[in-house]
Amino acid sequence: MTDSPFDVRFDAGQADSRWQAAWDEARCFEADSTSPKPKSYVLEMFPYPSGRIHIGHVRNYTMGDVLARYKKLRGFEVLHPMGWDAFGMPAENAAMERGVHPAGWTYANIATMKRQLKQLGFALDWSRELATCDPAYYGHEQALFLDLYETGLVYRRTSAVNWDPVDQTVLANEQVVDGRGWRSGALVEKRQLNQWFLKITQFAQDLLDGLGTLDNWPEKVRLMQENWIGKSQGLQFGFDLSNGEKLEVYTTRPDTIFGASFVAVAPDHPLAQGVASVNCDAAKFIELCKQGGTTAAELETAEKLGFDTGIGAKHPFTGAWLPVFIANFVLMEYGTGAIMAVPAHDQRDFDFATKYGLPIVRVIAASAEAADAPLTEAEAGDGVCVNSDFLDGKAVVEAKAEVIARLEADGRGEGKTVWRLRDWGVSRQRYWGTPIPFIHCEACGVVPVPKADLPVVLPEDVDFSVPGNPLDRHPTWKHVACPQCGAAARRETDTLDTFVNSSWYFLRFASQPADKPFDAAEVAQWLPVEQYIGGIEHAILHLLYARFWTRALAHCGLIDVQEPFASLFTQGMVTHETYSRDALRIEQRGEITERHNYEEFLDPKAVDLQTSWRANETPPTANSAGIPLIDTFDHNRVIRRGDLLVFPNVLETGQPVTIGKVIKMSKSKKNVVDPEDIIADYGADAVRWFMLSDSPPERDLPWSESGIEGCGRFVQRLWRLFGQYNGAAAGADLALDRKLHQTIAAVGSDIEALSFNKAVARIYELTGGIEKAAPSASRSQAIRQLIVLVSPMMPHLAEEAWARFGLGLVAQADWPQVDPALLVEDEVTVAVQVKGKLRDTLTVAKGLSNAELEALALGSEKVQRSLDGAQVRKVIVVPDRLVNIVA
RNA sequence: GCGGGCGUGGCGGAAUGGUAGACGCAGGGGACUUAAAAUCCCCCGAGCCUUGCUCGUGUGGGUUCAAGUCCCACCGCCCGCACCA
């Protein structure tokens with residue numbers, strides 16, 4: 001008997017916090033900007049402090065943590081920071097609903113979530129922690145905003161906003177549901193307000209070009225950004241109208257100009273408005289257009305509608321008069337709000353022309369001979385021009401250039417690039433955000449707050465009991481003297497969109513001087529972020545805005561970085577089965593009693609999944625809690641699990657349970673798992689291991705109770721194995737040495753590729769291999785190095801086991817060196833196929849010649865039996881791998 | 001509609017064009033135990049005439065000595081965008 005700690009189970013409950021304290025004390029994970037080591041900046045998208053961390057955070061931060069810890073073991077100086085995206089609406093909602101102050105609510109949440117993150121043992125540099133709601137952060141943001149203002153990247157203009165008349169606030173598009181405010185339910189009005197904008201469109205081309213350099217970003221995200229930026233090249237030209245005016249239209253298909261059979265303008269186009277002012281039918285039509293819904297489904301099914309203005313537009317080449325319509329499918333926001341319509345080659349125009357009996361003339365065909373091939377729908381494809389006068393026979397690209405050149409020569413039009421990307425409106429009429437540092441003066445106009453007066457701090461004494469912007473209502477805050485003339489003036493009461501906060505936080509993490517937003521030289525030490533990890537939901541806005549800010553700050557000369565994130569990884573969600581039962585709700589409405597059947601979602605803890613039987617047995621009549629089962633005869637409710645039949649039921653009632661889809665965890669579906677509970681049950685390392693196992697990190701990870709139990713068992717299994725380390729054991733085990741070194745190499749490359757599920761599988765294999773091996777020096781060495789290999793994933797267990805060596809913290813150890821000689825086997829298993837089908841395998845020395853392999857293969861009894869005397873026609877040999885005999 | 005992705009055992013998933021199903025979970029059998037837990041060992045795609053054979057990676061074709069992998073067509077699911085001229 002010994003009193004080795006390995007004789008008892010690994011006790012995560014006490015070990016986890018002990019090692020977390022040890023890392024803090026050693027300041028292990030504080031990044032040193034002056035270190036001579038190569039730098040590595042690993043960053044996960046910082047969380048919004050909503051209250052508690054959820055399982056998605058755990059997955060996200062575990063992945064980043066494994067990479068950060070691995071990089072550190074590989075000798076990099078690692079920056080792996082954490083902070084809080086702390087401004088935003090939920091804090092104001094809490095203030096309105098519960099009477100708490102947004103700041104108090106936010107900081108309490110931060111405290112809770114920080115404690116929870118610490119429980120997971122993340123290797124974070126907490127010395128760089130920041131919260132965007134801290135004046136020490138947003139004051140610098142105000143300074144940067146002023147810098148952008150000075151270089152002309154900030155401007156003000158009147159713009160339409162969604163205004164909720166009840167809550168007296170501006171709503172984001174996502175907060176408008178079916179035309180009503182999501183909170184108040186009031187009909188949302190369009191209001192013209194003077195808003196602050198950032199000139200992101202100035203960088204449209206650059207943001208697009210930059211995507212081409214982001215080889216380590218998911219193709220999907222680059223495409224989404226490309227579509228969002230939406231570059232199109234075409235022609236803008238003027239039609240002479242029959243009323244003497246001119247109408248500018250934009251087209252990306254100038255090659256189809258001879259197929260134009262009508263012209264259409266948006267309902268809110270000035271021409272349409274002009275017609276409406278003298279024609280009440282036109283005015284009615286425009287009203288009708290505005291009523292159309294804006295949901296995707298409505299748009300898809302919306303009929304193409306038009307109103308003939310009676311005005312003619314003169315075709316620039318044929319001189320024919322084309323009718324001018326007001327059309328519901330033309331958007332004022334894109335191009336010039338007016339189009340030349342070519343029904344033969346645009347489906348919308350085709351639908352419209354069909355409805356209103358307008359000519360449909362083919363002008364592009366697969367070949368000149370197919371010039372009059374019939375059309376049943378618009379053809380948007382490539383081809384050559386037909387029925388097109390001077391363009392006939394020309395290819396599309398050529399024809400586009402020709403038309404643009406001719407109209408440019410006449411001064412009637414010009415080649416033009418149009419973008420879908422709009423400037424970024426950053427004004428929010430809210431309290432809990434960065435105050436926009438400007439002052440409105442009657443005499444001087446809009447005056448920037450002098451940098452010496454920053455930060456412009458939010459007032460603390462604010463009132464949320466009535467709707468509207470508390471900053472605007474505050475009795476004193478907005479009344480200030482004009483910095484230029486000293487006269488009484490008014491402070492800007494809008495605050496910045498919270499996306500601004502997250503557009504530069506990665507710079508502040510890298511360098512945080514007190515007197516300026518960051519130090520350019522220190523930023524240059526760390527940026528770009530080597531690996532950025534977060535959710536796909538940020539594929540467009542956050543990532544585009546951060547790329548824009550980086551460029552804008554470079555444009556101001558503040559940094560010398562173009563792309564902030566060298567590699568991007570978007571992880572999948574954590575999902576869970578849903579459980580529900582049929583339920584009945586009875587509502588009394590005056591005299592009438594209403595009965596509603598509905599599906600009630602159940603907490604997984606309330607569901608019994610243990611009541612099972614064999615297919616040839618009689619089903620039980622009571623569940624695992626002894627409650628009689630209801631409806632066991634309902635075979636639709638019975639599920640198969642291996643050889644067993646399971647009847648899911650409500651533990652307390654025996655009522656049948658429907659197992660629903662595996663979907664993202666959400667409170668309303670009751671399929672959430674609280675990370676803190678599972679850490680308490682299984683320890684941080686088991687939870688981390690689960691997050692990395694099985695599912696590839698970009699895919700969804702289905703949560704399962706048995707899965708986490710398996711991870712908990714593996715933690716103990718490793719612990720027992722670590723206890724078998726024997727420094728005195730002698731003798732070599734070459735096979736185990738090979739397995740070890742192959743695993744070291746594979747786990748390293750798997751982690752670098754973020755293929756954590758594969759690294760996990762390798763570690764299981766090595767663990768099994770060591771367990772089966774007889775005691776030897778090799779075995780002890782393998783155990784010792786296995787501790788280091790698992791340390792990025794299970795840091796607490798690894799520290800506890802590493803402590804026996806007295807070599808300090810495993811977090812500060814070195815990743816094992818790979819001996820390349822041990823990566824190659826001296827024996828290989830060669831597959832022997834006959835006509836491509838496996839017939840035998842041969843274990844032979846590595847490096848046999850093709851002739852030797854062929855001879856061995858032909859000597860195989862199984863091969864000879866399979867050949868059955870047939871003539872061998874050909875033998876393909878892949879050295880050390882395979883012999884294929886073709887008969 | 002446009003763009004992208006994915007279809008492999010009961011489940012999550014492995015597989016540089018070269019032994020399909022590594023590894024984990026679930027399941028089965030056994031050992032240990034008074035018993036349970038824990039642990040350990042074995043089995044675990046389907047079928048059959050079971051020393052082995054046949055079939056098998058959504059469906060149908062094709063390329064190849066060899067296809068989960070490459071090409072063509074189709075089916076299904078998921079995600080994103082959407083009347084963008």
Side-chain angles (χ1 to χ4, degrees), chain A residues 9 218-224 226-228 230-232 234-235 249-253 256 264 266 292 296 298-300 302-304 327-331 333-342 345-349 351-352 380 418-420 536-537 539-540 612 614 639-644 646 662 689-690 693-696 698-702 704-711 713-714 716-717 720 755 757-765 767-768 771 829-842 861-862 865-866 873-878 881-887:
Chain A
R9 288 168 63 82
E219 177 71 14
K220 180 184 182 176
V221 174
R222 286 187 294 171
L223 273 165
M224 282 164 76
E226 189 181 321
N227 291 337
W228 186 264
K231 182 181 185 177
S232 59
L235 165 72
V249 301
Y250 177 75
T251 178
T252 55
R253 293 297 303 272
T256 63
E298 282 171 314
L299 283 175
E300 194 171 338
E303 198 181 357
K304 303 284 178 285
N328 64 346
F329 67 92
V330 181
L331 303 177
E333 300 81 55
Y334 190 79
T336 61
I339 61 163
M340 72 165 199
V342 184
H345 304 290
D346 181 288
Q347 192 59 40
R348 292 155 303 173
D349 299 350
D351 295 344
F352 191 93
V418 168
W419 304 88
R420 209 189 83 105
I536 187 71
E537 67 273 21
I540 297 175
S612 58
R614 302 283 176 94
I639 56 171
R640 281 193 78 94
R641 212 166 52 184
D643 298 335
L644 290 180
V646 177
V662 179
W689 189 252
F690 182 88
S693 303
D694 293 352
S695 289
E698 69 277 9
R699 289 205 212 162
D700 289 350
L701 172 67
S704 80
E705 203 62 38
S706 53
I708 183 71
E709 281 166 11
C711 293
R713 283 197 296 271
F714 185 61
Q716 299 301 337
R717 185 175 153 201
R720 288 191 299 275
S755 298
N757 56 320
K758 294 188 210 168
V760 161
R762 304 273 191 187
I763 287 172
Y764 275 116
E765 283 185 67
T767 301
E771 283 170 341
T829 304
V830 174
V832 182
Q833 298 176 336
V834 175
K835 288 186 283 187
K837 293 198 175 188
L838 184 71
R839 288 293 175 243
D840 200 0
T841 58
L842 302 170
E861 187 195 329
K862 289 174 182 173
R865 197 177 337 134
S866 175
R873 288 193 289 137
K874 192 175 175 185
V875 179
I876 287 116
V877 180
V878 180
R881 292 215 69 143
L882 166 140
V883 180
N884 187 13
I885 297 158
V886 186

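Residue numbers begin at 1 in each chain, while the letters A, B, ... track the order of the sequences.
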Side chain of A/Thr252 (C-beta onward), nearest among B/U19, B/G52, B/A85: B/A85
Span that lies between the C1' atom of B/C81 and that of B/G68, in whole angstrom: 31 Å
Sugar-phosphate, base or nothing in reach of A/Tyr764, heavy atoms under 4.0 Å: sugar-phosphate
Rounded P spacing from B/U59 to B/A67 in Å: 15 Å
Atom pair CZ (A/Phe352) and CZ (A/Phe329), whose distance is rounded to the nearest 0.5 Å: 6.0 Å
Non-hydrogen side-chain atoms of A/Ser232 and A/Tyr250 separated by less than 4.5 Å: yes
Phosphate OP1/OP2 of B/A38: any A/Arg717 side-chain N/O under 4.0 Å: no
Conformer about C1'-N of B/G58 - syn within 90° of 0, anti elsewhere: anti
Sugar-phosphate, base or nothing in reach of A/Arg720, heavy atoms under 4.0 Å: sugar-phosphate
Distance in Å, A/Arg253 CZ paired with A/Asp349 CG, rounded so as to fall on 0.5 Å steps: 11.0 Å
Value rounded to 0.5 Å, distance of OG in A/Ser693 from OH in A/Tyr764: 5.0 Å
Interatomic distance where CD belongs to A/Glu771 and C1' belongs to B/U39 [whole Å]: 11 Å
Identified stems (criterion: three or more consecutive Watson-Crick or G-U pairs, under 3.5 Å), RNA chain B: B:1-7 with B:75-81, B:10-12 with B:23-25, B:27-31 with B:39-43, B:45-48 with B:52-55, B:58-62 with B:70-74
Atom-pair distance (CD1 on A/Ile708; C1' on B/G24), nearest Å: 13 Å
Pairwise C1' distance for B/A26 and B/G45, with rounding to whole Å: 15 Å
Spacing of NZ belonging to A/Lys862 relative to CG belonging to A/Leu842, to within rounding of 0.5 Å: 9.5 Å
Nearest-Å distance for atom pair CG/C1', residues A/Leu701 and B/C11: 13 Å
Pairwise P distance, B/G29 and B/G12 [rounded to whole Å]: 25 Å
Rounded distance (Å) that lies between atom P of B/G80 and atom CD1 of A/Ile540: 10 Å
Set out, line by line, the N/O atom pairs under 3.5 Å between protein and nucleotides 2-9 of chain B.
none

Most 5' of A/Thr829 and A/Ser695 on RNA chain B, judged by nearest nucleotide: A/Ser695
A/Asp351 CG - B/A82 P separation (whole Å): 20 Å
A/Asn227 side, atom CG; A/Arg420 side, atom CZ - distance, nearest 0.5 Å: 8.0 Å
Close side-chain approach of A/Phe714 to A/Val760, heavy-atom, < 4.5 Å: no
Proximity to the side chain of A/Asn757 - top-ranked nucleotide from B/G12, B/A14, B/G52: B/A14
Salt bridge (charged side-chain N to carboxylate O under 4.0 Å, His left out) assessment of A/Arg222 paired with A/Glu226: CA-CA 6 Å; A/Arg222 286 187 294 171; A/Glu226 189 181 321; over 6 Å; no
A/Lys874 NZ - B/U64 P separation (whole Å): 10 Å
Listing time: all N or O pairs from protein to nucleotides 15-18 of chain B that are below 3.5 Å?
unit_1 : atom_1 : unit_2   : atom_2 : d
B/A15  : OP1    : A/Lys758 : NZ     : 2.9
B/U16  : O4     : A/Arg881 : NH1    : 3.2
B/G18  : O2'    : A/Arg881 : NE     : 3.3
B/G18  : N2     : A/Asn884 : ND2    : 3.4

Euclidean distance for P, B/G24 against B/A14 (whole angstrom): 15 Å
Euclidean distance for P, B/U33 against B/C25 (whole angstrom): 26 Å
First encountered from the 5' end of RNA chain B, between A/Arg839 and A/Val886: A/Arg839
OP1 or OP2 of B/C53 under 4.0 Å from side-chain N/O of A/Lys837: no
Residue list, side chain to side chain contact (heavy atoms under 4.5 Å, CB included) with A/Lys874, at least two apart or on another chain: A/Ile876, A/Val886
Selection from B/G24, B/C81, B/A26 that lies nearest to any side-chain heavy atom of A/Arg713: B/A26
With A/Glu705 via side chain to side chain contact (heavy atoms under 4.5 Å, CB included) - residues at least two apart: A/Tyr682, A/Trp703, A/Ile708, A/Glu709
Over all atoms of both residues, closest heavy-atom pair of A/Ala539 and A/Met224: CB-CE, 3.6 Å
Touch class at under 4.0 angstrom, heavy-atom based, for A/Val832 against every strand present: nothing
Test item: A/Val249 and A/Thr251 side chains (from C-beta on) under 4.5 Å apart, heavy atoms: no
Whole-Å gap separating P (B/A82) and CG (A/Leu331): 11 Å
Distance-minimising heavy-atom pair for A/Ala266 and A/Val330: CB-O, 3.3 Å
Options B/C81, B/U19, B/C23, nucleotide nearest the side-chain atoms of A/Thr841: B/U19
Pairwise P distance, B/A22 and B/G9 [rounded to whole Å]: 13 Å
Nearest to side-chain heavy atoms of A/Met224, which nucleotide of B/G13, B/A85, B/G80: B/G80
For A/Thr841, all residues meeting side chain to side chain contact (heavy atoms under 4.5 Å, CB included), sequence neighbours excluded: A/Thr829, A/Leu838
N/O (side chain, A/Tyr334) to phosphate O (OP1/OP2, B/A85) under 4.0 Å: yes
Interatomic distance at C1', B/U16 relative to B/C83, whole Å: 46 Å
Value in whole Å for how far the C1' atom of B/A82 lies from CD of A/Glu226: 16 Å
